[in-house]
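Everything numeric here is computed off the predicted structure, so don't read it as measured data. Positions are given from 1 along the sequence.
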Amino acid sequence: MADDEREQAVQAAVDGEMRLLDPEVRAVRARVLELLDPEFIEFGASGRRWDVESVLAVTSGGSVSAETPVKVTDMSGAVLAPGVVHLTYFADHQGRRTWRSSLWRLTETGWRMYFHQGTVTG
């Protein structure tokens, strides 16, 4: 895989990650579904296990104004294999700082988040 292909793959995953963190995107079920793999699993910072339906239950309620933006720092990505990107970053949200890790995979419909984990950093 050429360097420019790797950069494009990482950038596609970063773009998807940032879209999923956007309150306006999260408020629309169809937009969230475009970004989550049907087999998506998350181990949240709370210790809870999430899947597509449980994420949609809390994100697509339509209340954009109540959700504050997430501040992202130290985002980095690596291509693990063709069509698979691993992202890591810090997220600051409502006074809580978490270390986040996501796996994105390329599907017939584009890049989708396959796995996500958040760990509170203290």
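The shortest side-chain heavy-atom distance between H93 and T98 does not fall under the 4.5 Å cut-off. Under the 4.5 Å side-chain criterion, counting only non-hydrogen atoms from C-beta, R31 is not in contact with R26. No side-chain heavy atom of F115 sits under 4.5 Å from any side-chain heavy atom of W104. With contacts defined as side-chain heavy-atom distances shorter than 4.5 Å, the pair L103/M113 does not qualify. Counting only heavy atoms from C-beta outward, the side chains of R112 and P38 approach each other to under 4.5 Å. For the pair R100 and H116, the minimum side-chain heavy-atom distance is below 4.5 Å. Looking at heavy atoms from C-beta onward, L20 lies in side-chain contact with V32 at the 4.5 angstrom threshold.
Hydrophobic clustering (ILVMFWY, side-chain heavy atoms < 4.5 Å, transitive): F43 and V52 are in distinct clusters. Residues M18 and W99 do not share a hydrophobic cluster, defined by chaining ILVMFWY side chains whose heavy atoms lie under 4.5 Å apart. In the hydrophobic cluster analysis, where Ile, Leu, Val, Met, Phe, Trp and Tyr join through side-chain heavy atoms closer than 4.5 angstrom, M75 is grouped apart from Y114.
In this view, E34 and R19 satisfy the salt bridge (Lys or Arg N to Asp or Glu O under 4.0 Å) rule, not counting sequence neighbours.
Judged by a 6.0 Å distance limit and a 45° cone about the ring axis, R97 is positioned over the six-membered ring of F90. A cation-pi contact, defined as under 6.0 Å to the ring centre and within 45° of the axis, links R48 to W50.
Across all non-hydrogen atoms, the minimal contact from A9 to V79 is CB-CG2, 4.1 Å. Residues E24 and D22 come closest through the heavy atom pair N-OD1, 2.8 Å.
Distance CZ/R49 to CD1/I41: 3.5 Å, rounded to 0.5 Å. Once rounded to the nearest 0.5 Å, the distance linking CD of E53 with CG of L36 reads 10.0 Å. Annotation: the span from E39 atom CD to D51 atom CG amounts to 12.0 Å, rounded to 0.5 Å. Interatomic distance, CD of E42 versus OG of S54, reported as 8.0 Å (0.5 Å rounding).
Side-chain contact, Q8 with D4: no donor N or O sits under 3.5 Å from an acceptor N or O.
A donor-acceptor pair under 3.5 Å links the side-chain atoms of T107 to the main chain of T109, judged by distance alone.
Partner V72 forms a side chain to side chain contact (heavy atoms under 4.5 Å, CB included) with one of V14, L21, D92 and no other, that one being L21.
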Contacts table for residues 80-89: side-chain donor-acceptor under 3.5 angstrom, sequence neighbours left out:
from	atom 1	to	atom 2	distance (Å)
H86	NE2	S101	OG	2.7
T88	OG1	S76	OG	3.1
Y89	OH	E17	OE2	2.6

